[in-house]
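Quick note on labels: first sequence line is chain A, next is B, and so on, each numbered from 1.
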Protein chains: 2
Amino acid sequence: MENQNISDIIESYLKQILAESQQVEIRRAEIANQFNVVPSQINYVIKTRFTIQDGYVVQSKRGGGGYIRIEKVKLLDNLDFIDSLVTAVGDQISRHDSLAVVRSLFEAGAINRSEANIILAAINKDAINTGDRQADEQIRAQILISILNHLRYES
Amino acid sequence: MENQNISDIIESYLKQILAESQQVEIRRAEIANQFNVVPSQINYVIKTRFTIQDGYVVQSKRGGGGYIRIEKVKLLDNLDFIDSLVTAVGDQISRHDSLAVVRSLFEAGAINRSEANIILAAINKDAINTGDRQADEQIRAQILISILNHLRYES
DNA sequence: ATAATATTAGTCAACATTAGTCAAGAACAC
DNA sequence: GTGTTCTTGACTAATGTTGACTAATATTAT
């Protein structure tokens with residue numbers, strides 16, 4: 001709990017702001033300086049922790065007055081939302097990204113906590129582990145899509 | 001008592017912390033160093049002494065700020081039932097037999113209807129279809145066992 | 001207007017820092 | 001002696017950090 005890396009700390013900082021506001025707008029160099037990291041680390045944090053699967057949309061502008069804006073996504077109606085997740089899953093999906101998909105479903109209210117936990121159990125590395133990573137990612141994608149399709153007509 | 005091997009000693013150390021706390025979070029290299037063993041021995045201790053059957057759930061993260069976290073969980077009173085299903089599933093299981101396992105869970109009240117449907121979506125033939133039937137049966141078995149293990153405890 | 005310069009953010013690959021896996025051999029129990 | 005458990009280390013994988021280089025946009029000079 002204590003020895004958090006700096007990326008986690010920056011993530012928390014931003015999410016704390018987002019807890020009270022729909023969006024946060026930063027100047028990359030300023031935040032990098034504030035946390036004493038190189039500017040590109042801010043990109044790393046955003047790329048790994050503020051993806052669309054996580055429910056965030058990021059916009060930015062370069063040049064004078066440039067910024068990075070992170071916005072919490074409003075949930076679309078369920079069908080479009082599930083479509084977008086099916087697209088996000090694609091033919092194969094990493095474990096990391098699949099966690100974000102399940103989290104999105106939960107936060108959207110499409111599934112409850114115990115359903116989410118069952119799905120996580122179905123796609124974790126004890127469950128899917130053929131020894132071939134690409135094969136695993138494909139199987140994981142198929143399972144998620146099968147579940148998403150089920151949720152589409154169940155909900 | 002006298003001839004405790006080092007794995008037992010590390011186990012005791014961790015369980016002593018867990019006696020007073022719901023979870024313990026360690027840095028693998030640090031504990032390995034403290035007990036003067038190679039880091040992978042920590043994995044051995046965890047794998048042999050902190051299993052779900054023992055009532056522990058383990059999570060970890062690699063990279064900077066990485067950790068291993070062991071959490072005590074409340075086991076439910078359906079353990080024998082789950083054990084019997086795990087045995088029934090074995091290393092591989094047909095689709096037909098897997099349906100019976102899910103039905104048993106439902107009829108026993110371990111899962112509700114929508115949870116059952118999600119599990120069925122995860123193991124149906126759209127979800128698991130590598131083209132190799134035996135491989136499919138093995139994957140299906142692993143998924144079911146992972147879910148069964150999840151159903152052992154309160155989360 | 002156009003060109004030059006300044007000011008931002010983005011990408012990518014190298015390197016660093018953790019944990020995981022696996023198999024060989026040692027130690028132990030019977 | 002045989003089978004199981006423990007110990008070890010080489011190799012692998014995941015995640016985080018850094019900096020050189022690139023790209024976009026704004027501002028200033030001509």
Side-chain angles (χ1 to χ4, degrees), chain A residues 1-14 24-51 54 57-71 92-100 124-137 140, chain B residues 1-14 24-51 54 57-70 142:
Chain A
M1 280 314 212
E2 303 315 315
N3 270 328
Q4 273 191 317
N5 59 56
I6 190 69
S7 290
D8 285 342
I9 293 170
I10 295 169
E11 174 192 5
S12 301
Y13 170 78
L14 295 172
V24 56
E25 187 172 306
I26 62 173
R27 290 198 20 247
R28 185 179 77 153
E30 200 172 84
I31 298 296
N33 191 57
Q34 182 176 332
F35 289 97
N36 205 35
V37 299
V38 296
S40 60
Q41 180 137 16
I42 307 306
N43 297 88
Y44 175 75
V45 170
I46 287 172
K47 195 172 164 191
T48 54
R49 291 149 163 90
F50 293 90
T51 68
D54 294 313
V57 165
V58 178
Q59 295 167 299
S60 64
K61 200 172 87 167
R62 309 186 195 187
Y67 58 81
I68 301 176
R69 183 185 318 149
I70 305 172
E71 191 182 353
Q92 57 191 112
I93 186 169
S94 70
R95 239 166 51 72
H96 179 271
D97 287 349
S98 65
L99 296 191
N124 75 18
K125 72 168 189 295
D126 294 327
I128 302 177
N129 187 3
T130 63
D132 172 345
R133 174 153 58 141
Q134 189 171 11
D136 287 352
E137 295 203 346
R140 193 181 294 114
Chain B
M1 259 344 191
E2 306 313 314
N3 275 335
Q4 268 193 322
N5 58 51
I6 190 68
S7 289
D8 287 340
I9 293 170
I10 295 168
E11 174 191 5
S12 302
Y13 170 77
L14 294 172
V24 57
E25 187 172 307
I26 63 172
R27 288 174 167 284
R28 186 180 76 154
E30 204 171 81
I31 299 295
N33 191 57
Q34 183 175 331
F35 289 97
N36 207 35
V37 298
V38 296
S40 60
Q41 180 135 15
I42 308 306
N43 298 87
Y44 175 74
V45 171
I46 287 172
K47 196 172 163 191
T48 55
R49 292 149 162 91
F50 293 88
T51 68
D54 297 317
V57 168
V58 179
Q59 294 170 298
S60 64
K61 197 168 98 167
R62 309 186 196 186
Y67 57 80
I68 301 177
R69 180 162 47 219
I70 306 172
Q142 287 177 306

Engineer: Starting at NZ of B:K61 and ending at P of D:dA14, how long is that distance when rounded to a whole Å?
Structural biologist: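 Rounded to whole Å, this separation is 15 Å.
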Engineer: Taking all non-hydrogen atoms of both residues, which atom of B:G65 and which atom of B:R27 are closest, and how far apart?
Structural biologist: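 Of all heavy-atom pairs spanning B:G65 and B:R27, the closest is CA-NH2, 3.8 Å.
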Engineer: Closest nucleotide of DNA chain D for B:I6 versus for A:V37: which of these residues is on the 5' side?
Structural biologist: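 So the residue in question is B:I6.
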Engineer: Choosing from D:dG16, C:dT8, C:dG20, which nucleotide comes nearest the side chain of A:R62?
Structural biologist: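 Shortest atom-to-atom distance from the side chain points to C:dT8.
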Engineer: Starting from the 5' end of DNA chain C, give me the residue, A:G64 or A:V58, whose nearest nucleotide shows up first.
Structural biologist: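 Upstream on the strand: A:G64.
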Engineer: Between the base of C:dG20 and the side chain of B:R28, is there a donor-acceptor distance below 3.5 Å?
Structural biologist: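 Indeed there is one.
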Engineer: Within this structure, what is the CG-to-C1' distance between A:N5 and D:dA14, rounded to whole angstrom?
Structural biologist: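 Spelled out: CG on A:N5 to C1' on D:dA14 is 12 Å.
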Engineer: For B:E11 and B:F50, which heavy atoms make the closest approach, and how far apart are they?
Structural biologist: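 So the minimum-distance heavy-atom pair works out to O-CZ, 4.0 Å.
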Engineer: Quick check on D:dA14: is either OP1 or OP2 less than 4.0 Å from any side-chain nitrogen or oxygen of A:R133?
Structural biologist: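 A:R133 to D:dA14 OP1/OP2: side-chain N or O found under 4.0 Å.
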Engineer: Could you tell me how far apart A:I9 (CD1) and D:dG16 (C1') are, to the nearest whole angstrom?
Structural biologist: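 After rounding, the gap between these two atoms is 12 Å.
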Engineer: Donor-acceptor pair, distance only, cut-off 3.5 Å: does the side chain of A:D54 make one with the backbone of A:A100?
Structural biologist: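 No, A:D54 side chain to A:A100 backbone: no donor-acceptor pair under 3.5 Å.
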Engineer: Taking distance alone, no hydrogens or angles, what donor-acceptor pairs closer than 3.5 Å link side-chain atoms of residues 38-48 of chain A to residues at least two apart or in another chain?
Structural biologist:
unit_1 : atom_1 : unit_2 : atom_2 : d
A:Q41  : NE2    : A:S7   : OG     : 2.9
A:N43  : OD1    : A:R28  : NH1    : 2.6
A:T48  : OG1    : A:Y44  : O      : 2.8
A:T48  : OG1    : A:V45  : O      : 3.4

Engineer: Within residues 41-50 of chain A, which residues have any heavy atom lying less than 4.0 Å from an atom of DNA chain C?
Structural biologist: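 Going residue by residue through residues 41-50 of chain A, the ones with a heavy atom under 4.0 Å of DNA chain C turn out to be A:N43.
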Engineer: Can you work out whether B:I26 or A:S60 has the more 5'-proximal nearest nucleotide on DNA chain C?
Structural biologist: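 The residue mapped nearer the 5' terminus is A:S60.
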Engineer: Below 4.5 Å, heavy atoms only, C-beta onward: do A:Q92 and A:R140 meet side chain to side chain?
Structural biologist: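 When only atoms from C-beta onward are counted, A:R140 and A:Q92 do not touch, as no gap falls below 4.5 Å.
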Engineer: Heavy-atom nearest nucleotide on DNA chain D for B:N36 versus B:G63: which residue maps closer to 5'?
Structural biologist: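 Residue closer to the 5' terminus by nearest nucleotide: B:N36.
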Engineer: Side chains of A:I9 and A:F35, heavy atoms from C-beta outward: is any pair under 4.5 Å?
Structural biologist: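 Yes, at least one pair of side-chain atoms sits under 4.5 Å.
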Engineer: Does the pair A:R49/A:D8 count as a salt bridge with the N-to-O cut at 4.0 Å?
Structural biologist: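 Judged by the 4.0 Å cut-off on N to carboxylate O distance, A:R49 and A:D8 do form a salt bridge.
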Engineer: Hey, does the side-chain of B:S40 have a donor or acceptor N/O within less than 3.5 Å of a partner on the base of D:dG9?
Structural biologist: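 Side chain to base: pair present.
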Engineer: What is the separation between atom CD1 on B:I31 and atom C1' on C:dA19, rounded to the nearest whole Å?
Structural biologist: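 Whole-Å distance recorded here is 14 Å.
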Engineer: Just how far, in rounded Å, is P of C:dA29 from CG of B:D8?
Structural biologist: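 Rounded to whole Å, this separation is 11 Å.
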Engineer: Check the distance between C:dA19's P and B:Q59's CD and give it to me in whole angstrom.
Structural biologist: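 From B:Q59 CD to C:dA19 P: 15 Å.
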Engineer: Distance check needed: D:dA14 P versus A:L99 CG, whole Å only.
Structural biologist: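 From A:L99 CG to D:dA14 P: 13 Å.
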Engineer: Nearest whole Å is fine: how far is D:dG16 P from A:E11 CD?
Structural biologist: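 Value for this atom pair: 9 Å.
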